[in-house]
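This report concerns only the one structure given below.
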Amino acid sequence: MKRPDIIIGIDPDVDKSGVAALNCRTKGVKVGRKRFPDLIDSLRELRDDEKKNNIPILVVVEASWLISHNWHTSHGRSAAAIAKTGYNVGRNHQVGMLIVECCRAMGLEVKEQMPLKKMWKGADGKITHEELSWFIVGLPKQTNNEERDAALLAWNEANFPIKVKL
């Protein structure tokens, strides 16, 4: 595949997945959250635009299922709480795997990306809206974790510079 004009970053979630569309020419990013059926409809529309207008598109899905050791244990948590967390994580993994499968079935170029390193100022090392705004211009006034993760996936895949305020 030649260098994509559009990179779609997706942070899978059971309720609403974070989605970011990065225009690699303008560096413009649109973020949002979509339920699974709406996301698949949007990907189908993108695929049709790609074919009609010859615009290369790459979909990048955060693939945390590729991590072999994703334990969510801690002292003081009950076995039931740990089991519930594991169950929810597994459900999110399944959504991600289904998104990848749907992209491939539609003929979209898709990449399974292991989660990026959590090295930011937010809770659990997640990137904050303020940090993301340092290098992505034009974001809405607020973003949630899923939207930020999706935007960061797309930006990272484009190999655009990530600036950190010192």
Side-chain angles (χ1 to χ4, degrees), residues 1-68 70 87-118 120 122 126-129 131-163:
M1 173 186 199
K2 67 178 188 175
R3 184 168 167 87
D5 289 341
I6 306 290
I7 299 175
I8 306 298
I10 301 175
D11 180 22
D13 191 84
V14 170
D15 297 320
K16 289 185 177 180
S17 295
V19 182
L22 167 63
N23 182 320
C24 295
R25 293 179 186 195
T26 66
K27 294 187 179 179
V29 177
K30 293 181 183 175
V31 296
R33 293 174 62 225
K34 293 187 182 240
R35 295 176 327 116
F36 183 80
D38 299 329
L39 175 58
I40 299 307
D41 286 345
S42 294
L43 290 170
R44 196 172 286 117
E45 288 174 17
L46 280 169
R47 186 253 345 250
D48 293 345
D49 286 347
E50 178 181 45
K51 287 181 178 179
K52 183 174 143 184
N53 300 317
N54 197 25
I55 298 171
I57 296 171
L58 173 63
V59 179
V60 180
V61 180
E62 184 177 71
S64 53
W65 59 89
L66 297 176
I67 299 173
S68 61
N70 199 358
Y87 175 76
N88 291 336
V89 168
R91 291 176 68 213
N92 285 341
H93 289 182
Q94 187 61 48
V95 169
M97 289 185 272
L98 289 171
I99 291 168
V100 169
E101 186 176 343
C102 287
C103 286
R104 288 186 177 135
M106 285 187 256
L108 283 168
E109 184 80 25
V110 63
K111 176 180 179 181
E112 296 172 74
Q113 172 65 54
M114 288 185 65
L116 301 174
K117 186 175 180 182
K118 307 288 189 237
W120 305 95
K126 288 196 158 262
I127 193 165
T128 65
H129 179 80
E131 289 170 312
L132 192 64
S133 298
W134 290 335
F135 53 91
I136 299 179
V137 178
L139 289 173
K141 290 184 181 191
Q142 288 185 311
T143 54
N144 66 24
N145 279 333
E146 289 85 11
E147 292 168 334
R148 289 190 295 272
D149 284 349
L152 192 56
L153 279 171
W155 196 265
N156 182 71
E157 183 62 31
N159 206 24
F160 290 155
I162 294 176
K163 299 175 189 169

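Along the sequence shown, residues carry numbers from 1.
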### Task
Give me the one residue out of Leu43, Leu153, Leu46 that meets side chain to side chain contact (heavy atoms under 4.5 Å, CB included) with Val59.
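Among Leu43, Leu153, Leu46, the one that satisfies the side chain to side chain contact (heavy atoms under 4.5 Å, CB included) with Val59 is Leu43.
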What distance separates [X] [atom1] from [Y] [atom2], expressed to the nearest 0.5 Å?
X	Y	atom1	atom2	result
Glu131	Ile136	CD	CD1	12.0 Å
Lys111	Glu62	NZ	CD	12.5 Å
Gln94	Glu101	CD	CD	8.5 Å
Cys103	Leu98	SG	CG	11.0 Å
Arg35	Ile40	CZ	CD1	12.0 Å
Ile99	Leu39	CD1	CG	5.0 Å

### Message
Checking Asn54 now: which residues fulfil side chain to side chain contact (heavy atoms under 4.5 Å, CB included) with it, not counting sequence neighbours?
### Response
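Not a single residue meets the side chain to side chain contact (heavy atoms under 4.5 Å, CB included) criterion with Asn54.
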### Task
For Lys126, enumerate each residue passing the side chain to side chain contact (heavy atoms under 4.5 Å, CB included) test, keeping only those at least two apart in sequence or located in another chain.
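Lys126 satisfies side chain to side chain contact (heavy atoms under 4.5 Å, CB included) with Lys118, Asn145, Asp149 once adjacent residues are dropped.
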Give me the atom names and distance for the closest heavy-atom approach of [X] to [Y].
X	Y	answer
Ala158	Arg3	O-NH2, 3.3 Å
Lys34	Ser42	NZ-OG, 2.7 Å
Lys27	Phe160	CG-CE1, 3.7 Å
Ala63	Glu112	CB-CB, 3.7 Å

Show the atom names and distances, to 0.1 Å, of all donor-acceptor pairs under 3.5 Å that link a side chain in residues 4-16 to residues at least two apart or in another chain.
residue	atom	partner	partner atom	Å
Asp5	OD1	Arg25	NE	3.4
Asp5	OD1	Arg25	NH2	3.3
Asp5	OD2	Arg25	NH2	3.1
Asp13	OD2	Asp15	N	3.0

Polar side-chain atom of [X] near backbone of [Y] as donor-acceptor pair, under 3.5 Å:
X	Y	value
Trp155	Pro161	yes
Glu50	Ile57	yes
Arg148	Ile127	yes

[X] side chain near [Y] side chain, heavy-atom distance below 4.5 Å:
X	Y	answer
Pro115	Ile67	yes
Ser64	Asn92	no
Phe135	Leu152	yes
Gln142	His129	no

### Trace of the side chain to side chain contact (heavy atoms under 4.5 Å, CB included) decision for Val95 with Ser17
CA-CA 9 Å; Val95 169; Ser17 295; 4.1 Å; yes
### Verdict with supporting geometry, Lys52 and Asp49, salt bridge (charged side-chain N to carboxylate O under 4.0 Å, His left out)
CA-CA 5 Å; Lys52 183 174 143 184; Asp49 286 347; 5.5 Å; no
